[in-house]
Amino acid sequence: MKFGFVKAGAYTPKVKVADVCENVKNIITGIKQAEEKKVELLVFPELCVTGYTCGDLFYSDVLLKNAEKGTEQIAEFTKGKRILVFVGLPFRKDGVIYNVAAAINNGKVIALIPKTFMPNYNEFYEKRYFKSPSDKVINVSFAKEEVPFGTKIILKENSNENFRVAAEICEDLWTPYPPSISHAVNGATIIANLSCSNETVGKSEYRRNLVSSQSGHAVCGYVYCDSGDGESTTDTVYAGHNLIAENGNVLNESELFEGGLITSDIDTEFLEFERSKLFNHNLPLSEYVTVGFSANNEESELERTFASAPFVPYETDKRNLRAKLILSMQAAGLKKRLEHTNAKSSVIGLSGGLDSTLALLVAVTAYKELGKNLKEIIAVTMPCFGTTSRTLSNSIKLAKSLGVTLKKIDITKAVKVHLKDIKHDETTFDVTYENAQARERTQVLMDIANNNGGLVIGTGDLSEVALGWSTYNGDHMSMYAVNSSVPKTLVRHIVSYYAETSKGKLKAVLYDILDTPVSPELIPGKDGEISQKTENIVGPYELHDFFLYYFIRRGYSPSKIYYVAKKVFNGTYSDETILKWLKTFFRRFFSQQFKRSCIPDGVKVGSVALSPRGDWRMPSDASCALWIEELESIEL
């Protein structure tokens, strides 16, 4: 697939214990289904060729020889098929039996990977039958071929450097030191786990957490395939609980007792990007054998989903919990700054828009927690050329309903004098006209803060920081920026959460602010309505926040962002519109770094932040030529 996505699958067949022929037939059925979906990596359960619950039958030459013969038949079926398949079987070498995963590709068994840890407690007694292997990889004879045998084997796809697979088996994952840690450190981006984990009450939740956390711990894709129908016998029941996870997130999961195939797309490019930051320690490396294989590189449908608003949880309860947490984090950061500087007041420019509203709500929260007088918060509304009656009215209502000090300072005359002083025609609505207002407002705020022994609280959000949508030494500057790592799409939900938990006049004004178009209000309105709408100028914030997340957090290239965005926003934005604003995003992101290089302190609340002192260190004069060139090469 494109852009490092690997389509992986886990298939639980119906098992007939000790009936190799029946099991091989059902395994081949699974391979056929996976092939139809263009799966590149397919994992079957532990000992699925014979069944896990064979007991002392594992000692039987008949069972062992037919297991090898059956695996050879499975391999023969894959001839000409570009898929890597793992099946489980018992294998005898030098008089002892091993529980192994056979890696199969294009008609051959290309590796045998034995289970390391044998459970021998409660309902498990594997040490009765199976031996743990040594660390050394050797060649053994299997199906008339010389095959590498050992745990330290990585299978690498011949045309995709990032598609590297290693295997562990069931109990290996449940131990204090799973082999998958060593596999990942030594380069495997995907771990296959062939399992036969019986079901008990509460175990599925533990198993899910174990798989997801291990994929995060090892920064890998993890394909866990469990035994199901047919294995249940005597005192144990098996539910076929299959999971596909990536870096701590479960991508797909089967229903218990359903069996069959689950699939998802593992992003190996992202895993490599994440490891480049996390794996640069002196981690212990081992001697591994690399075995090549060929997988299906044809284009297939990308079935995994991507959140259209990656910063905003989809579920209401989770969204509200995040809003509450972020508000608390912002308030905690501001509390520390106020205490450290012994500030006597906090000064906030209140525009009637979302950002300044959130900044004021943060200040109120901080002051309540400090037990300070809310009148020490000075909200300053500064109407000028583009201010509408709606936003001005909302500013006043908000300040009054929160009980803070309100100052109304009309800056129109001051700006007109300034424009006259610099010989600028006030009927020319250009960047000078706009920025003169923004800088005058910042000057007023700074001077009020000085006059009251206070700090100016910045209102700009993460989306504006990314796009450079601020006036240098205007709203770009403050003494502490509480919103600087909160994206615009999330600002709205935090304010909405506050509104939902409020009453009366405060609730009403917050909802009206939420309903107001986003605007800097620097150009005169028409018939009392806002004429300058930010998203008409720089583009929709839901697109820019999407671009920002996948560029910074997941390391996607411009063309990969476009590829995913087309899928996510299909029916909402045309391909042309997405590409247009994506180009705008990259041009602005690179050209506006000089503003980010000197932004004020501000609390970090999420995994994407652009502080030059923390998460993002980029030259102010870096060229965006390579990124734009990639976008220009895209054909619509």
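No experiment lies behind these values; they were computed from the predicted model shown.
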Test item: [X] side-chain N/O and [Y] main-chain N/O as donor-acceptor pair under 3.5 Å:
{"X": "S485", "Y": "V603", "value": "yes"}
{"X": "R596", "Y": "A466", "value": "yes"}
{"X": "R322", "Y": "F311", "value": "yes"}
{"X": "S356", "Y": "S351", "value": "yes"}
{"X": "T189", "Y": "N162", "value": "yes"}
{"X": "S180", "Y": "I191", "value": "no"}
{"X": "H424", "Y": "T432", "value": "no"}
{"X": "Y563", "Y": "K2", "value": "no"}
{"X": "N252", "Y": "S264", "value": "no"}
{"X": "N483", "Y": "G460", "value": "no"}

F551 vs F586, test: ring pair (Phe, Tyr, Trp, His ring centres under 6.0 Å). Steps then yes/no. CA-CA 10 Å; F551 176 51; F586 276 103; 5.0 Å; yes

Checking side chain to side chain contact (heavy atoms under 4.5 Å, CB included) for the pair K507/S401: CA distance, chi angles, key distance, verdict? CA-CA 9 Å; K507 188 185 192 81; S401 63; over 6 Å; no

If you look at every heavy atom in [X] and [Y], which pair is closest and at what distance?
{"X": "S597", "Y": "P612", "answer": "O-CG, 3.7 Å"}
{"X": "Y433", "Y": "E426", "answer": "CE1-O, 3.0 Å"}
{"X": "L350", "Y": "A399", "answer": "CD2-CB, 4.1 Å"}
{"X": "F590", "Y": "A622", "answer": "CD2-O, 3.6 Å"}
{"X": "R275", "Y": "C220", "answer": "NH2-CB, 3.7 Å"}
{"X": "Q437", "Y": "G386", "answer": "OE1-N, 4.3 Å"}

Can you find a side-chain donor-acceptor pair between D430 and T428 that sits under 3.5 Å? no

Distance-only side-chain donor-acceptor flag, T365 / Y498, under 3.5 Å: no

Mind checking the [atom1]-[atom2] spacing from [X] to [Y]? Nearest 0.5 Å is all I need.
{"X": "N342", "Y": "L455", "atom1": "CG", "atom2": "CG", "value": "10.0 Å"}
{"X": "L338", "Y": "L370", "atom1": "CG", "atom2": "CG", "value": "6.5 Å"}
{"X": "L548", "Y": "I561", "atom1": "CG", "atom2": "CD1", "value": "9.0 Å"}
{"X": "C384", "Y": "L392", "atom1": "SG", "atom2": "CG", "value": "12.0 Å"}
{"X": "S607", "Y": "I552", "atom1": "OG", "atom2": "CD1", "value": "10.5 Å"}
{"X": "L406", "Y": "I378", "atom1": "CG", "atom2": "CD1", "value": "10.5 Å"}

Is there side-chain contact between [X] and [Y], with heavy atoms separated by less than 4.5 Å?
{"X": "E253", "Y": "R208", "answer": "yes"}
{"X": "S557", "Y": "E269", "answer": "no"}
{"X": "F594", "Y": "Y472", "answer": "yes"}
{"X": "V211", "Y": "V250", "answer": "no"}
{"X": "P540", "Y": "Y573", "answer": "yes"}
{"X": "Y367", "Y": "L402", "answer": "no"}
{"X": "H418", "Y": "I422", "answer": "yes"}
{"X": "L327", "Y": "Q330", "answer": "yes"}

Within 45° of the ring axis of F3 and under 6.0 Å from its six-membered ring centre, is that where the NZ or CZ of K560 lies? no

Indicate yes or no: does [X] engage [Y] in a salt bridge with an N to O separation below 4.0 Å.
{"X": "R587", "Y": "E632", "value": "yes"}
{"X": "R554", "Y": "D267", "value": "yes"}
{"X": "D515", "Y": "R390", "value": "yes"}
{"X": "K583", "Y": "E630", "value": "no"}

Before giving the answer on side chain to side chain contact (heavy atoms under 4.5 Å, CB included), spell out for K397 and D512 the whole-Å C-alpha distance, their side-chain angles and the decisive distance to 0.1 Å. CA-CA 11 Å; K397 290 177 183 177; D512 196 59; over 6 Å; no

I need the single residue from Q592, M477, H476 that forms a side chain to side chain contact (heavy atoms under 4.5 Å, CB included) with S470. Which is it? H476

Considering the options I628, L626, L631, I634, which one meets the side chain to side chain contact (heavy atoms under 4.5 Å, CB included) requirement together with P558? L631

Does atom [atom1] of [X] have more than 12 heavy-atom neighbours from other groups under 6.0 Å away?
{"X": "E205", "atom1": "CD", "answer": "no"}
{"X": "K344", "atom1": "NZ", "answer": "no"}
{"X": "K335", "atom1": "NZ", "answer": "yes"}
{"X": "K277", "atom1": "NZ", "answer": "yes"}
{"X": "F279", "atom1": "CZ", "answer": "yes"}
{"X": "D317", "atom1": "CG", "answer": "no"}

Between F569 and W581, is the ring centre distance below 6.0 Å? no

For the pair F585 and L543, evaluate side chain to side chain contact (heavy atoms under 4.5 Å, CB included) and give the outcome as yes or no after the intermediate values. CA-CA 9 Å; F585 171 82; L543 283 180; over 6 Å; no

Stepwise ring pair (Phe, Tyr, Trp, His ring centres under 6.0 Å) check, F547 with F589: CA-CA 11 Å; F547 301 155; F589 188 87; over 10 Å; no

Anything under 30° is parallel, anything over 60° is perpendicular, the rest tilted; go ahead and classify F546 against Y550. tilted

Could you check E464 against D355 for side chain to side chain contact (heavy atoms under 4.5 Å, CB included), going step by step and ending with a plain yes or no? CA-CA 10 Å; E464 293 175 341; D355 290 342; 3.2 Å; yes

